Peer 1: 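Would you mind keeping the following structure in view while I ask a few things?
Below, chain A is the first sequence line, B the second, and so on; all start at residue 1. Since we're looking at a predicted model, the values are computed, not measured.
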Amino acid sequence: MKQAVILSAGEGQRLRPFTATRPKVMLSIAGKPILQYVVEALAQNGIRNLVMVIGYRRREILDYMGSGEQFGVDITYVTQEKQLGTAHALAQAKEVTEEEFLVLPGDNLIEADTIARFVMVKPEAVLVKRVDNPVRYGVVTIAKGMVKDIAEKPEEAKSNVVSTGTYAFTKRVFDFIEPELDIPDVLNSMIARGKLISAQETDGPWLDVAYPWDILSLNDAVLHRIQPNLGGIFETGVVVKGLVSVGKDTVVRSNSYIMGSVVIGNNCDIGPNVCILPATSIGDNVVISPFTDIKNSVIGSDVNIGPGCIIQDSVIDKGCVINGHFTACSGEADVKVDDEYHTVNMGAMLGGGCDLGNSVTAQPGVIVGNHSQVQALKLVSGRLPDRSLVV
Amino acid sequence: MCGIVGYIGDKSARSILLNCLRRLEYRGYDSCGIAVAGGSLEVYKDAVRVEELARVAPQLDGTAGIGHTRWATHGEPSPVNAHPHIDCSGKIAVVHNGVINNYQKLNRQLTAEGHSFVSETDTEVISHLIEKYYGGSLERAVEAALGEVDGSYAIIAVMAGDPELVVARKDSPLVIGVSDRENFIASDVPALLDYTNRVIYLEEGDIGVVTKDNIKIRRCGKEVVGQEHKVLWRVEDAQKGGYEHFMLKEIHEQPKVIRDTLGEYISAAEPEARLAMVTEADLEGMLIVACGTSYHAALAGKYILDEVVGIPVVVELAGEFAYFNQISAKTGAIVITQSGETADALKAMKRLKEVGCRVVAITNVVGSTASRLADQTVYTRAGPEISVAATKSFTVQLMVLYWLALSCSSVDIRRVDSLTMGLRQLPGKVQQVLDNEDKIKEYADYLSKCEDVFFIGRGINFPVALEGALKLKEISYIHAEGYAAGELKHGPFALLGANTPVVAIVAQDSAYEAMLTNIKEIKAKGSPLIALADEGDEVVKELADSVITVPRVDPIFSPVVNTVALQLLAYYTAKQRDCPIDFPRNLAKSVTVE
């Protein structure tokens with residue numbers, strides 16, 4: 001197997017506001033977009049000829065991945081104008097695929113181990129994994145190593161083995177795509193017509209992000225594996241413990257306390273007297289002012305955080321300006337996404353480009369839309385749409 | 001401007017030369033050609049695009065050769081006038097970038113001596129001069145030929161049956177790309193990036209002999225070892241990366257290049273890298289010299305330095321500066337040129353140096369002529385800019401000017417802090433403008449149907465109005481004029497009407513009230529008014545027919561967000577009109593003639 005098709009066109013509506021400006025594959029986890037983990041896993045397994053199916057907000061991908069040279073791969077882009085389904089996405093790659101190829105979802109975080117054996121499998125095949133909550137996924141029934149059927153998000157799961165959305169195909173798959181729109185349906189139709197599809201199980205990491213707060217659990221999981229690296233400038237009296245990676249040109253000022261696992265990007269200005277606790281990721285060009293305390297959170301690039309803030313279990317997207325004494329403490333909350341309530345422990349989710357006045361307090365579970373403005377001394381709660389004005 | 005390339009090695013020179021020429025297309029050209037030397041010399045050239053030449057030029061065996069993209073200065077674009085130019089014997093071929101001032105005299109002399117000329121170009125005299133002086137060594141012949149020539153040149157000469165390329169430069173750019181068992185030559189680095197990132201920049205007056213294994217450079221009669229530089233650009237940096245046009249790609253790169261510039265200059269723990277020039281207390285004032293888009297950055301720089309540093313600043317067009325005689329040595333001079341090769345800017349630098357001014361160059365190209373002439377060089381880390389219409393280089397020039405202002409020792413540390421904070425927010429704010437692209441596209445649909453557009457601004461946004469108009473006219477071919485808002489009533493009012501929209505750039509600064517007055521005046525004349533304003537500005541929303549909103553920033557930084565919005569407006573207008581956006585007609589990227 002020399003080639004892989006990565007499906008990267010989807011939006012991920014349930015992940016709004018974070019997917020309003022980027023496709024789901026470009027969500028940043030521990031300082032890198034999910035897509036980059038997939039590309040690196042493939043490159044480490046010797047697969048460097050990549051086809052990327054892009055669609056929704058595709059420029060974000062083009063800007064970041066480019067020709068792929070930076071990541072040691074060669075990328076050909078094909079466009080899926082309307083996101084009708086995974087099989088429809090794959091069909092867009094028909095002209096550029098070789099005789100045999102892998103298909104992977106660009107929005108599931110994997111590592112090299114996950115697909116180490118699968119890259120040698122004989123098509124057609126599907127990579128499966130045992131999970132705790134199979135009803136969220138495509139549950140696979142297997143007999144003698146062969147797939148019997150796939151049931152997408154069943155009411156009741158017949159097993160805890162699910163499809164990872166990673167497949168090995170030959171060009172024949174394109175004969176079965178019409179009229180189906182999703183790959184599991186294509187597989188079922190292939191099986192019905194007598195094609196054999198083998199199943200291979202992996203115990204490597206395979207992480208899916210469905211809801212905004214999943215970003216935090218993924219971030220936590222990935223941060224445990226980072227390479228420590230102390231770039232930048234550390235003033236005297238800075239304490240660093242555990243796994244910590246700090247990028248170049250970042251300044252960490254006196255008496256700051258960084259307890260890994262923590263990733264901090266390039267060109268940030270942190271401190272003096274700032275506490276960054278596990279498991280936290282901070283992007284590039286971020287300013288964190290004195291006496292701020294951040295725990296288990298993801299902070300995007302170009303964010304400016306004022307003095308005396310408390311930020312826990314929160315995601316703050318790129319370009320937010322947060323003035324002093326912002327409080328986003330963690331707590332149990334019922335959060336509504338797609339008319340469904342979920343009970344989760346979290347702080348605040350802030351979309352990109354928000355502007356928060358002094359001493360704003362966020363209730364646990366608040367989701368603030370992109371480019372919202374909140375005046376000083378306000379309490380925000382519930383779900384605020386993009387460009388909200390809280391006065 | 002013209003671009004030249006050369007190759008010598010073991011591979012077929014034809015395809016390598018054509019590929020290098022494609023990489024020089026951004027410089028703008030009307031014709032192109034290659035000459036490949038083996039046992040004989042084969043020349044193919046025409047007034048066509050490189051793609052077309054690649055289609056018609058047959059396979060050639062030679063492994064050494066030269067190529068050229070021509071931008072006509074002497075003689076119309078035609079197959080005969082295209083380079084390379086050969087001598088009477090057809091064994092020597094030359095490509096040349098520059099202008100030979102005394103070519104008519106040389107032409108007459110050589111014709112009298114029996115040489116026959118076929119083209120109207122200045123370059124052809126060089127090939128005949130080389131032929132005249134050839135006595136066994138191509139290098140000696142080139143040296144003797146150039147001794148007769150008065151003017152500017154970067155040349156490569158090749159001869160049938162001679163496994164070497166001879167190069168020379170004076171006032172025109174030339175770099176040698178170094179590799180194993182093969183070497184490359186080009187006017188500009190992007191042409192070489194597919195093959196090597198090791199380059200040697202030739203100095204003024206250098207003559208070099210390049211073979212596949214060796215590079216010999218003679219400077220002032222002595223042999224020197226050329227200093228190798230490693231180019232940090234990647235090939236992909238110079239490619240379109242999936243975008244339809246380089247211009248759009250470069251517009252989208254702006255948050256990143258702003259962040260890179262911040263990393264390079266602003267966030268260094270202590271502002272130690274202060275410019276020696278601006279800390280000198282005895283300066284009477286500052287002078288900024290530039291052309292085109294860089295001139296607009298210079299004008300904005302005037303407002304920035306005036307406000308932040310409190311020093312009088314004069315801004316001059318490099319081309320006009322030649323006609324001013326009163327220059328004080330107590331003036332701190334800044335010359336802004338993206339390419340570092342702009343002829344007018346270089347000429348101005350030389351004059352400033354003669355007078356004894358300290359000269360700081362702001363340029364995007366490491367090792368460029370400007371950087372070598374200047375006392376101090378500040379690089380804009382914008383990466384290669386391929387689109388003829390400058391976008392990211394302008395933004396980064398502004399960033400460097402902000403930094404320059406901040407590094408002046410007289411500025412209060414509290415002011416430095418608050419401005420630094422504002423600068424750090426710019427990548428995010430610019431990203432917000434880009435995220436708003438679809439809205440801007442709607443206004444572009446409207447503008448694309450117009451014949452004339454006015455752009456107006458006041459204060460620090462006056463240069464932005466000029467830049468907005470320049471972007472629109474150069475890529476969409478719509479007649480556009482930038483005006484200081486107060487000047488509109490001194491003439492241009494006569495042109496306003498229902499078919500002439502005005503784009504008004506409004507910032508929340510001391511010019512705000514006056515801008516509102518201007519807007520009302522324009523509305524009274526019945527012109528459609530598009531305002532570019534802060535997202536929270538309700539007053540302007542009432543007054544204008546439509547508003548392009550940009551995120552709120554400190555007014556001193558408003559040129560950055562406003563310009564990005566106007567770049568997108570120009571881009572989508574030109575796209576709607578199906579214009580060749582990256583290579584507008586009659587324009588060239590780096591203007592290396594006066």
Peer 1: Between NZ of B:Lys256 and CG of A:Asp63, what distance do you get to the nearest 0.5 Å?
Peer 2: 10.0 Å

Peer 1: Can you tell me which portion of A:Arg59 sits under 4.5 Å from chain B's heavy atoms? Options are side chain, backbone, both or neither.
Peer 2: both

Peer 1: Nearest 0.5 angstrom please: A:Ser289 OG to B:Met421 CE, how far?
Peer 2: 5.0 Å

Peer 1: Specify the closest pair of heavy atoms between B:Gln432 and A:Gly353, including all atoms of both residues, with the distance to one decimal.
Peer 2: NE2-CA, 3.4 Å

Peer 1: Tell me, for B:Leu248 versus chain A, whether the close heavy atoms (under 4.5 Å) come from the side chain, the backbone, both or neither.
Peer 2: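 The side chain, not the backbone.
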
Peer 1: Nearest 0.5 Å, what's the OG-CZ distance between A:Ser301 and B:Arg259?
Peer 2: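 With rounding to 0.5 Å, OG (A:Ser301) is 5.0 Å from CZ (B:Arg259).
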
Peer 1: More than 12 heavy atoms of other residues, nucleotides or ligands under 6.0 Å from NZ of B:Lys541: is that the case?
Peer 2: yes

Peer 1: Is it the backbone or the side chain of A:Asn266 that comes under 4.5 Å from a heavy atom of chain B, or both, or neither?
Peer 2: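 It is neither, since no heavy atom gets under 4.5 Å.
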
Peer 1: Between OG1 of B:Thr261 and CG of A:Asn267, what distance do you get to the nearest 0.5 Å?
Peer 2: 10.0 Å

Peer 1: Just checking, is any N or O donor in the side chain of A:Asn285 or B:Arg424 under 3.5 Å from an acceptor N or O on the other one?
Peer 2: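 The answer is yes; a qualifying pair exists.
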
Peer 1: Yes or no on side-chain contact (heavy atoms from CB on, under 4.5 Å) for A:Val321 and B:Gln425, after CA distance, side-chain angles and deciding distance?
Peer 2: CA-CA 8 Å; A:Val321 177; B:Gln425 290 173 16; 3.7 Å; yes

Peer 1: Rounded to the nearest 0.5 Å, how far does CG of B:Leu262 lie from CG of A:Asp284?
Peer 2: 11.0 Å

Peer 1: Atom OG1 in B:Thr549, atom NE2 in A:His371: separation rounded to 0.5 Å?
Peer 2: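 One gets 9.5 Å once the value is rounded to the nearest 0.5 Å.
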
